[in-house]
Amino acid sequence: MSRLTSQARSVSDALETRFSCRAFLDKPVPEDDIRYILQTALRAPSGGNLQPWHVWVVKGAQLASFVDEIKGKMTDNPGGEGSEYHIYPPDLADPYNTRRRDIGERMYATIGVAREDKLGRLAQMARNFEFFGAPCAMFFALDKSMQEGQWSDMGMIIQSIMLLARERGLHSCPQEAWAIWAPSVKKFLDIPDTMTFFCGLALGYADPDAPINMLETPRAPIEEMVRFVGFSD
Ligand SMILES: Cc1cc2nc3c(=O)[nH]c(=O)nc-3n(C[C@H](O)[C@H](O)[C@H](O)COP(=O)(O)O)c2cc1C
């Protein structure tokens, strides 16, 4: 059937079942699935069809040795090496700041880590740098000459990858946390200095028993985000 007349089965299901997975099973992801997801995600739109995304996908021994390298570096330098961009605005105003704090509280509550338990929070933060146990990792970068519009294009491909992963029974976690290790990531992957390293992404099978995967994330009501213009009530 032509794409002009066919009806998609369910994007909604992929959207509703995607969540940021922070505990993965030690179960390899079939290479065919990884290739299918990436090949199909390249259909993501981009302004002017620039397709500004650069993606590295890593698994196996190479991934394990990089995770080890970062683990070693974290002992001396728990704050990382510094990111190439502001992960959040330096003065994050409300309502964004409240939302960010709220999601942190909810996440730590799932694993019983109290607000004052700095070590517990650091330990969970450090799980980012193990890709939460995922067997497959992706890294995203774009040319430094790119502007805000092209950063939004990065979101297009990353969300496409995460939704396609759901089709294959896989889960994911996008990870800006990796930005604090930009120099090491760039060295590991040979990413040229003409590019900005954006984020990582963990991909694998969700651990169904992990408390952290029970986290339910709220969304603000539609009235806070969407203004309907020219609609009746
Ligand atoms: C670009 C991007 C980067 C993110 N970076 C991280 C990260 O480094 N570590 C993490 O645990 N979650 C990260 N998240 C996940 C968000 O916290 C999550 O999307 C948000 O709380 C909503 O939850 P949900 O994805 O489960 O719906 C990131 C999400 C996005 C879109």
Side-chain angles (χ1 to χ4, degrees), residues 11-24 41 44 52-55 66-67 70 74 78-89 92 95-111 113 120-134 136-142 146 148-166 170-182 184-185 196-208 210-222 224-225:
V11 178
S12 307
D13 189 39
L15 269 159
E16 278 160 14
T17 62
R18 185 214 59 79
F19 70 97
S20 293
C21 179
R22 297 185 178 92
F24 292 87
W53 35 70
H54 294 267
V55 186
F66 183 58
V67 163
I70 296 298
M74 244 174 349
E81 300 161 322
S83 64
E84 299 180 288
Y85 65 95
H86 289 295
I87 296 178
Y88 297 108
L92 189 62
Y96 314 109
N97 195 36
T98 301
R99 287 183 192 148
R100 184 181 173 202
R101 283 173 182 277
D102 172 69
I103 204 61
E105 294 308 322
R106 286 172 190 260
M107 187 185 78
Y108 290 117
T110 65
I111 49 172
V113 170
R121 290 183 170 221
L122 269 178
Q124 174 54 36
M125 175 65 185
R127 292 281 293 145
N128 271 285
F129 308 117
E130 297 166 354
F131 288 98
F132 305 112
C136 180
M138 294 185 196
F139 297 87
F140 299 85
L142 72 174
M146 294 297 163
E148 285 87 341
Q150 290 74 50
W151 281 76
S152 92
D153 296 338
M154 297 302 287
M156 300 282 170
I157 193 162
I158 294 168
Q159 172 75 329
S160 300
I161 289 168
M162 295 192 293
L163 295 181
L164 285 159
R166 294 304 303 118
L170 294 160
H171 279 99
S172 58
C173 187
Q175 295 182 270
E176 275 164 344
W178 272 104
I180 68 170
W181 293 106
S184 290
V185 170
T196 302
F197 167 59
F198 174 29
C199 71
L201 181 134
L203 181 74
Y205 296 96
D207 180 345
I212 202 159
N213 284 344
M214 306 303 146
L215 173 64
E216 301 266 355
T217 59
R219 295 294 187 272
I222 190 167
E224 270 187 44
M225 317 281 189

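Start at 1 and go down the list; that is how both ligands and their atoms are numbered.
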Output the list of atoms in ligand 1 that are nearer than 4.0 Å to some heavy atom of I103, sorted by atom number.
21 (O)
Other residues, nucleotides, ligands: >12 heavy atoms within 6.0 Å of E224 CD:
yes
Q124 side chain to Y108 backbone, donor-acceptor under 3.5 Å:
no
Under 4.0 angstrom from atom 20 (C) of ligand 1, is there any protein heavy atom?
no
Looking only at heavy atoms, what is the nearest atom pair of D207 and N213, with distance?
O-ND2, 3.0 Å
From the options R100, R22, M107, select the one whose nearest heavy atom is closest to atom 17 (O) of ligand 1.
R22
Any non-hydrogen side-chain atom of I212 less than 4.5 Å from a side-chain atom of F132?
no
Taking only heavy atoms of F132 into account, list the atoms of ligand 1 that are under 4.0 Å away from them.
11 (O)
Heavy-atom donor-acceptor pair, Q150 side chain to L142 backbone, under 3.5 Å
no
Compute the minimum heavy-atom distance from R219 to ligand 1 and say whether it is under 4.0 Å.
yes
What I want to know is whether W178 and ligand 1 share at least one N or O pair that is separated by under 3.5 angstrom.
no
Looking only at protein heavy atoms, identify the closest one to atom 15 (C) of ligand 1 and say how far it is in Å.
S20 OG, 3.3 Å
State the CZ-CE distance between F19 and M214, to the nearest 0.5 angstrom.
8.0 Å
Does some side-chain heavy atom of C199 sit less than 4.5 Å from a side-chain heavy atom of M154?
no
Below 4.0 Å from any atom of ligand 1, is there a heavy atom belonging to C199?
no
Report, in ascending order of atom number, the atoms of ligand 1 lying under 4.0 Å from any heavy atom of F19.
26 (O)
Specify side chain, backbone, both or neither for F129, according to which of its non-hydrogen atoms lie closer than 4.0 Å to ligand 1.
neither
Numbered atoms of ligand 1 (with element) below 4.0 Å of N128, judged on heavy atoms
7 (C), 8 (O), 9 (N), 10 (C), 11 (O)
Of the listed options (P174, G104, G200, S172), which comes nearest to atom 13 (C) of ligand 1 when hydrogens are ignored and any heavy atom counts?
P174
Residue Q175 vicinity, atoms of ligand 1 by number, heavy atom under 4.0 Å:
5 (N), 6 (C), 7 (C), 8 (O)
Identity and distance of the protein heavy atom lying nearest atom 8 (O) of ligand 1:
A177 N, 2.8 Å
Counting the benzene-type ring for Trp, do F24 and H171 have ring centres under 6.0 Å apart?
no
In the structure I gave you, are the side-chain heavy atoms of R166 and V11 within less than 4.5 Å of one another anywhere?
no
Give the residue, atom name and distance (to 0.1 Å) of the protein heavy atom nearest atom 1 (C) of ligand 1.
E176 OE2, 3.5 Å
Determine whether the side chain, the backbone, both or neither of I158 has a heavy atom under 4.0 Å from any heavy atom of ligand 1.
neither
W178-F131 aromatic ring centre distance below 6.0 Å
yes
Show the atoms of ligand 1 that are less than 4.0 angstrom away from any heavy atom in C173.
10 (C), 12 (N)
Where is the nearest protein heavy atom to atom 23 (O) of ligand 1: which residue, which atom, and how far?
T217 CG2, 3.3 Å
Are there over 12 heavy-atom neighbours, none belonging to Y96, within less than 6.0 Å of that residue's OH?
no
